[in-house]
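Just so we're clear, the structure is a prediction, and the values are computed from it rather than from any experiment. In the text below, chain A, chain B and the rest are named by the order of the sequence lines, each starting its count at 1.
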Amino acid sequence: MTFEEQVAAVLGRLRPGEVVTYGEVAAEAGRPGAARAVGRILATSNAGYPWWRVVAANGRLVPGHEVEHARRLRAEGVTVVGRKVARMGRQ
DNA sequence: TATCTGACGATAG
DNA sequence: CCTATCGCCAGAT
């Protein structure tokens with residue numbers, strides 16, 4: 001089981017409207033502190049992961065994709081203020 | 001085995 | 001609110 005597969009499993013458990021941080025995903029995937037590695041996976045892999053449900057620890061949206069990111073989150077009922085999500089976790 | 005590369009995280013100014 | 005640093009990690013070279 002590679003780290004990426006673990007991450008894929010975690011992302012697969014997310015439900016619409018649920019927002020998590022890179023750090024949380026890393027921890028859930030069994031690798032606390034590997035948030036950066038999670039970001040690298042979402043940035044390079046084209047496996048079709050629900051990347052829009054993952055945000056930075058402070059709620060920031062993906063750098064360079066703020067518009068598309070905000071659009072997708074709002075489509076699931078997530079409140080987005082400026083370039084960040086108002087609150088995290090299940091709604 | 002050594003380096004480099006990010007969609008990170010926390011902290012300081 | 002913004003930039004700069006530093007520590008961290010898995011995967012690609």
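Between A:Gln6 atom CD and C:dA10 atom C1' the separation is 13 Å, expressed in whole Å. Nucleotide B:dC8 holds its C1' atom 15 Å from the CG atom of A:Leu61, rounded to whole Å. If you take CD1 of A:Ile41 and C1' of B:dC8, they are 12 Å apart, rounded to a whole angstrom. B:dA12 atom P lies 16 Å from atom CG of A:Asn58, rounded to whole Å.
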Can you pull every protein N or O that's under 3.5 Å from an N or O on nucleotides 1-7 of chain C?
| residue | atom | partner | partner atom | Å |
| --- | --- | --- | --- | --- |
| C:dG7 | O6 | A:Arg36 | NH1 | 2.8 |

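Closest to the A:Ala35 side chain, of the nucleotides C:dG11, B:dC8, C:dC9, is B:dC8. The side chain of A:Glu4 approaches C:dG11 more closely than any other nucleotide in the set B:dA7, C:dC9, C:dG11. Checking B:dG9, C:dC9, C:dG11 against every side-chain atom of A:Tyr22, the shortest atom distance belongs to B:dG9. Among the nucleotides B:dA7, C:dG11, B:dG9, the one closest to the side chain of A:Leu42 is B:dA7.
As the counterpart of B:dT1, no nucleotide is assigned, since no Watson-Crick or G-U wobble pattern has both distances under 3.5 Å.
We find the CZ-CD distance between A:Arg40 and A:Glu4 to be 7.5 Å, quoted to the nearest 0.5 Å. Taken to the nearest 0.5 Å, the NE2 atom of A:His69 stands 11.0 Å off from the CZ atom of A:Arg74. Summarising the geometry, atom CG belonging to A:Leu14 is positioned 10.0 Å from atom CH2 belonging to A:Trp52; distances are rounded to the nearest 0.5 Å.
Backbone-only contact: A:Phe3 has heavy atoms under 4.0 Å from sugar-phosphate atoms and none from a base. Base contact: A:Ala43 has a heavy atom under 4.0 Å from a base atom.
Residues A:Ala56 and A:Thr21 come closest through the heavy atom pair O-CG2, 3.8 Å.
Screening A:Leu11, A:Val7, A:Val62, A:Leu61 for a side-chain contact (heavy atoms from CB on, under 4.5 Å) with A:Val54, the sole residue that qualifies is A:Leu11.
A donor-acceptor distance shorter than 3.5 angstrom exists from the side chain of A:Glu66 to the backbone of A:Gly64, with no hydrogens or angles considered.
Ion pairing between a basic and an acidic side chain is recognised when a charged N comes within 4.0 Å of a carboxylate O; A:Glu76 and A:Arg72 show no such pairing.
Applying the 4.0 Å criterion to OP1 and OP2 of B:dA7, one finds that A:Arg40 has every side-chain N and O outside that range.
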